[in-house]
Amino acid sequence: TPSSLAYAAIDNFSKINTVISRTETANYIQEVNDENDIFLNEKITFKNHLTTWQDKTKFLSSIEHIVGQVDFKAILTMGKRAVPFILEEIEAQPSNLVWALNIIFKKKITDKPNTTVEEACKLWVKALKS
């Protein structure tokens, strides 16, 4: 009966309409859908892709191959959700990861042709933190 339902909502991950009558299960789903946990899971996913990308591209010189690598593309797929993690990384250590911001925001931070990766990182960090 409808009055005995302990939980009925849209699951944030699967978007499946669920109806759950067990309180323990309902509480678990609410915990899994906690915003802090979602943020932590996204950070872990980002870090895993970042580490693999760095390992697989550290000896590459081709920009096309570096940004075409599957883990870099996975970071791009995260879109703006990846931006805080990218900023944290490029602020601590400038890297080619800065190119992800160009793609995510569909613009370059500067049109100066001789801009280094380190300078571009500093510009992005300044622009996005102000």
Side-chain angles (χ1 to χ4, degrees):
T1 65
S3 62
S4 66
L5 298 177
Y7 182 87
I10 301 293
D11 176 358
N12 286 339
F13 293 107
S14 65
K15 304 295 185 208
I16 296 172
N17 192 20
T18 57
V19 178
I20 299 172
S21 58
R22 293 196 54 185
T23 304
E24 298 86 12
T25 306
N27 291 339
Y28 171 76
I29 289 175
Q30 287 174 328
E31 288 174 18
V32 168
N33 289 336
D34 180 58
E35 281 185 33
N36 293 327
D37 290 340
I38 293 169
F39 183 81
L40 180 61
N41 287 335
E42 286 182 340
K43 186 168 187 173
I44 291 168
T45 299
F46 171 82
K47 285 287 198 177
N48 287 338
H49 287 302
L50 176 66
T51 301
T52 304
W53 173 70
Q54 289 170 328
D55 288 344
K56 292 188 175 192
T57 62
K58 63 184 162 192
F59 298 115
L60 297 179
S61 59
S62 165
I63 294 170
E64 185 178 323
H65 289 110
I66 293 170
V67 299
Q69 199 276 335
V70 67
D71 290 283
F72 188 85
K73 288 180 179 180
I75 290 170
L76 295 177
T77 301
M78 292 178 72
K80 291 187 179 176
R81 295 184 331 265
V83 170
F85 312 131
I86 295 170
L87 284 178
E88 183 180 324
E89 289 294 322
I90 66 171
E91 187 172 29
Q93 173 136 10
S95 77
N96 294 336
L97 183 60
V98 72
W99 295 332
L101 295 174
N102 295 351
I103 297 167
I104 290 168
F105 287 101
K106 298 180 176 132
K107 68 177 186 177
K108 296 185 335 185
I109 194 66
T110 182
D111 287 326
K112 290 183 185 176
N114 295 328
T115 304
T116 66
V117 167
E118 185 174 345
E119 291 168 338
C121 289
K122 287 178 183 177
L123 290 170
W124 271 113
V125 169
K126 183 180 177 183
L128 293 174
K129 285 197 165 189
S130 59

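Index from 1, following the sequence.
Annotation: Phe39 is not in aromatic contact with Phe46 [ring centroid separation under 6.0 Å not met].
For the pair His49 and Gln69, the minimum side-chain heavy-atom distance is 4.5 Å or more. At a threshold of 4.5 Å between non-hydrogen side-chain atoms, the residues Leu76 and Ile104 count as touching.
Hydrophobic clustering (ILVMFWY, side-chain heavy atoms < 4.5 Å, transitive): Phe105 and Ile63 are in one cluster. Under the 4.5 Å side-chain heavy-atom criterion for Ile, Leu, Val, Met, Phe, Trp and Tyr, Val83 and Leu40 are members of distinct hydrophobic clusters. Hydrophobic cluster membership differs between Ile75 and Val70, with clusters built from Ile, Leu, Val, Met, Phe, Trp and Tyr side chains linked at under 4.5 angstrom.
Interatomic distance, Lys112 NZ to Leu123 CG, rounded to the nearest 0.5 Å: 7.5 Å. The CG atom of Leu50 sits 5.0 Å away from the CD atom of Glu89 when rounded to the nearest 0.5 Å. Rounded to the nearest 0.5 Å, atoms OG1 (Thr77) and CZ (Phe72) are 10.5 Å apart. In this structure, SG in Cys121 is found 10.5 Å from CD1 in Ile109, a value given to the nearest 0.5 Å. Between atom OG1 of residue Thr51 and atom CD of residue Gln54 there is a gap of 6.0 Å, rounded to the nearest 0.5 Å. Interatomic distance, Asp71 CG to Asn48 CG, rounded to the nearest 0.5 Å: 9.0 Å.
A salt bridge links Glu91 to Lys129: one of the charged nitrogens lies within less than 4.0 Å of a carboxylate oxygen.
In terms of heavy-atom proximity, Thr115 sits nearest to Ala120 at CG2-N, 3.8 Å. Considering all non-hydrogen atoms of both residues, His65 and Ser62 come closest at ND1-OG, 2.9 Å.
Formation of a donor-acceptor pair under 3.5 Å by the Thr57 side chain with backbone atoms of Leu60 is not found in this model. Looking at Trp53, its side chain never comes within 3.5 Å of a backbone N or O of Val67 through a donor-acceptor pair.
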